[in-house]
Peer 1: 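One structure, as structure tokens, below. Some questions next.
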Amino acid sequence: MIMKSLVTLIGIIALIILGTLSHALMQDITDPITGRTVRDKEARRLAIVGYALCAIIAYMLYRYLFG
């Protein structure tokens with residue numbers, strides 16, 4: 001029971017951190033001098049990979065808890 005709670009807690013913390021970082025990478029970059037926004041394609045790719053990892057972690061956590 002303690003081990004299951006610990007794995008669940010670590011999985012939820014990993015989901016929150018990874019989801020937050022992926023969301024931050026999806027935002028457009030604003031140039032402070034000109035005020036124009038620039039779309040960063042590499043950061044968006046990393047964000048999509050981060051979202052995919054979030055989905056995999058959530059699925060594995062679901063299988064661990066209810067499987």
Side-chain angles (χ1 to χ4, degrees):
M1 184 65 184
I2 293 174
M3 194 65 178
K4 200 171 217 178
S5 299
L6 185 63
V7 169
T8 303
L9 181 67
I10 290 172
I12 290 174
I13 290 172
L15 280 174
I16 290 170
I17 291 172
L18 192 59
T20 303
L21 288 175
S22 295
H23 180 71
L25 283 172
M26 278 300 248
Q27 304 303 316
D28 292 336
I29 299 171
T30 303
D31 188 12
I33 296 172
T34 61
R36 293 178 18 197
T37 59
V38 178
R39 181 170 283 181
D40 189 7
K41 292 181 182 178
E42 291 180 20
R44 289 200 183 249
R45 280 189 220 131
L46 285 175
I48 291 171
V49 169
Y51 284 138
L53 286 174
C54 276
I56 290 169
I57 291 172
Y59 177 72
M60 289 176 10
L61 192 60
Y62 175 80
R63 289 290 305 231
Y64 179 73
L65 290 175
F66 304 113

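In what follows, residues are counted from 1 in the order of the sequence shown. Hydrogens, waters and symmetry mates play no part in the numbers below; they use all other heavy atoms, side chains included.
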Peer 1: Locate the shortest heavy-atom distance separating Leu25 from Ala47; write the atom from each residue and the value.
Peer 2: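 Result for this residue pair: CB-CB, 3.8 Å.
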
Peer 1: Between Leu18 and Ile57, is there a side-chain heavy-atom distance shorter than 4.5 Å?
Peer 2: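 Yes, close enough: below the 4.5 Å cut-off.
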
Peer 1: Who are the side chain to side chain contact (heavy atoms under 4.5 Å, CB included) partners of Ile13, not counting sequence neighbours?
Peer 2: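 Testing Ile13 for side chain to side chain contact (heavy atoms under 4.5 Å, CB included), a comparison that skips the adjacent residues, returns Leu9, Ile17.
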
Peer 1: Identify the heavy atoms of Asp31 and Thr34 that sit nearest to each other, and give their distance.
Peer 2: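 Taking Asp31 first and Thr34 second, the nearest heavy atoms are OD2-OG1, 2.9 Å.
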
Peer 1: Rounded to the nearest 0.5 Å, what separates atom CG in Leu53 from atom CG in Leu15?
Peer 2: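 One gets 10.5 Å once the value is rounded to the nearest 0.5 Å.
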
Peer 1: Say you draw a straight line from CE of Met1 to CG of Leu6; how long is it, rounded to the nearest 0.5 Å?
Peer 2: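 If we round to the nearest 0.5 Å, Met1:CE and Leu6:CG are 12.5 Å apart.
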
Peer 1: Answer whether the closest heavy-atom distance between the side chains of Leu61 and Ile12 falls below 4.5 Å.
Peer 2: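 They are in contact (side-chain heavy atoms under 4.5 Å apart), so the answer is yes.
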
Peer 1: Could you go step by step and tell me if Lys4 and Leu65 meet the side chain to side chain contact (heavy atoms under 4.5 Å, CB included) rule?
Peer 2: CA-CA 8 Å; Lys4 200 171 217 178; Leu65 290 175; 4.1 Å; yes

Peer 1: Give a yes or no on this: more than 12 heavy atoms of other residues, nucleotides or ligands lie within 6.0 Å of atom OH of Tyr62.
Peer 2: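 Incorrect, the count does not exceed 12.
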
Peer 1: How would you list all residue pairs meeting side chain to side chain donor-acceptor pair (under 3.5 Å) that involve residues 40-56, not counting sequence neighbours?
Peer 2: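 Counting only pairs at least two positions apart or across chains, the side chain to side chain donor-acceptor pair (under 3.5 Å) contacts touching residues 40-56 are Asp28-Arg44.
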
Peer 1: Can you name the closest pair of heavy atoms from Cys54 and Gly19 and give their distance?
Peer 2: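 Cys54 and Gly19 have their closest heavy atoms at SG-N, 3.5 Å.
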
